[in-house]
Amino acid sequence: MAPTGSFRREMLEAQAPPAARTGRLRWLQENLFSSWPSALLTLLSLAAILWLVAHVWPWFAHSVWDAGSLTECRAIIRETWGGGASGACFAVIRERWQQFLFGFYPRELYWRPTLAFVLMFAALAPILFAELPRRLRWFAVAFPGIAYWLLWGGPASVPLAVYAGFAIAWLVHRAVAARASELVALVVAVAAMILWWLHLAGPVARALPILELQPVGSSRFGGFTLSLVIGVTGIAFSLPLGILLALGRRSQMFFVTTMCVGFIEFIRGVPLITLLLVASFLLNIFLPPGTNFDIILRVIIMVTLFASAYMAEVIRGGLAALPRGQYEAADALGLDYWKATRLIIMPQALKISIPGIVNTFIGLFKDTTLVAIIGLLDPIGLTTAIRADTNWNGIVWELYGFVALLFFLCCYGMSQYSQYLERKLRTGQR
Amino acid sequence: MSETVIDQPIDRSGMKVSDEVAIEIVGMNKWFGEFHVLRDIDLTVYKGERIVVCGPSGSGKSTLIRCINRLEEHQKGRIAVDGVELTSDLKNIDKIRSEVGMVFQHFNLFPHLTILENCTLAPIWVRKTPKKEAEADAMRFLTKVRIPEQADKYPGQLSGGQQQRVAIARALCMRPKIMLFDEPTSALDPEMIMEVLDTMIELAEEGMTMICVTHEMGFAQAVANRVIFMDQGQIVEQNEPKAFFNNPQSERTKLFLSQILGH
């Protein structure tokens, strides 16, 4: 029979969806026991978890917090829990935790790195959370100087002289741009800034010593303070450097592209540890004799360069993912290259790249532990030193576990923030 | 391609064509690699003219209007927009681009900015209009395209037709002297084509100089004062709409018209 036509006289009203199925039992059934294989997996997983907890728990339960050496720890455990019992000897953490946090920083000056640590959050907050007033970002600009002054001490005029370099560059740029082209002004300004830093900043800072703090040498730095100094500085500088490299790699100017590609490929092709060894041993040979080039500064430069090469590739991926239409629309409105990049291209490319960027940040932060190999006493370096102490010879899990916990907290925090940021920047949904 | 019927009366009082030249293209040629996309294009557009460019796909019509604001670079010949010649001088290019508005097939709104921010961005950063003033201006143009209530939404939350009207408002916020439309309705659902065409008709009624690449022959008949037919990178035929549709001269044009109007 041929199909007959039909038509509707009234349109249907929208109705509420059927009531959601709720309840704990329902959840269990749907997620854990939906079929025989799933039920079996659930039971197996439960058994594995129970087995793990049953073995690890006594170790924590028998832990000793008050002892002077590993031998003492073991004696206490034997006395309290019987011969075969095993237990954690957290006494070592209790004895050495300050060293883990501050390295060999003078004890009476612990307030300085602590204050710098607290101020770091005050500086980060207005950058991380757009809801806060933009004016607070000035503190983020001032923070590196303040942190340097607090950590290394000396007169406050040293970081001020460094900042003065930027002010000089700005003034020179303004003066020259009025008479010559933008490019000439930029070059002259940068030249003036570098000249100031190399030859004038030092003498000026020494001539005007204000707000002098007791100086602390880089050799006293260690522990988690050192990891944070290297990690945070590396993160702060690798992102802008990575953006510039990514833009340079996509540039149409031959030399810019070649230089950026060369840099990225070279740095990515070399292990970080090699760069750190170069920083530690070789750089002094090439520098003029008598120059005192701080070891932490050298390490920071190497770590930053290393991370920025990866960063550049991550951001290049974001740039490539943007539809051509976005570039064309920006061009068609009359925006020049830098404005289009800053207002249209970068915000979108960076948003696409967030997972990769945070990945690189976390990798960089964990890579700071490699400085232990060139003899800096970061948490890993300290662990080796503590294990060499006769009192604590033979202790492993407690120390590395503590270091792992410190790093995990930081990295997990970064990961959580990136997920928050991705949720916040999602604009496409109806 | 079906023909959209424009059944409303069109007010032609503002649609005056002056004898002042808006765009002058002389002997323009362009190649994509070995492929000769545009061949000896000569075209003079007068102020207030409404030109519809049609032709089969690959005939170079989009490339032609994209050369006018230098989204594509021509290799031979000369283009002058409002008296300023297009060369590789970046200052000239940015100046011309800020005077020429463009509407794209795929809208190309900025998805990370709200509708209002999409409209105020270029006036604030290129024209240096104060923010308050730019926002008031943008609201006026959004009202004109009949979507002021969407100002705080993001492009992803709007329908295709609404997005295209925002794109038109965004271009208008720069107070352009010339508007280029690159197949503005080709990516739209049939029900949304009319709302975009209405906006374009209003613009024509106000005397805007417009060049539209489109297959909407109803629109061409209603508002254009010249229809240009292109094939294989050349202008094959151009005429005022009545003569173009009723009495095409070239065989190629006749074939094309029979294909797009035939069903």
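Letters A, B, ... are given to chains in the order of the sequence lines, protein chains preceding strands, and every chain is numbered from 1.
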Study note, to complete from the structure: Pair count under 4.5 Å, heavy atoms only, with chain A: among N108(B), L109(B), N69(B), highest is N108(B)
**Study point:** Segment of V103(B) engaging chain A (4.5 angstrom heavy-atom cut-off)
**Key:** neither
Point to revise | Which of M102(B), R170(B), H106(B), K95(B) touches chain A most, by non-hydrogen pairs under 4.5 Å | key: R170(B)
Check your understanding: F263(A) versus L305(A): any side-chain heavy-atom pair under 4.5 Å?
Key -> yes
Practice item. Sort out for me which of P323(A), A329(A), P347(A), A330(A) touches chain B most, counting heavy-atom pairs under 4.5 Å. Key: A329(A)
Check your understanding: Does the distance from a Lys or Arg side-chain N to an Asp or Glu carboxylate O, for K131(B) and E117(B), drop under 4.0 Å?
Key -> no
Review point. Do the non-hydrogen side-chain atoms of F104(B) and E183(B) ever get within less than 4.5 Å of each other?
Key: no
Review point. Passes side-chain hydrogen bond (donor to acceptor under 3.5 Å, both in side chains), Q150(B) versus K153(B)? Steps please.
Key: CA-CA 5 Å; Q150(B) 313 281 7; K153(B) 289 197 181 163; 3.1 Å; yes
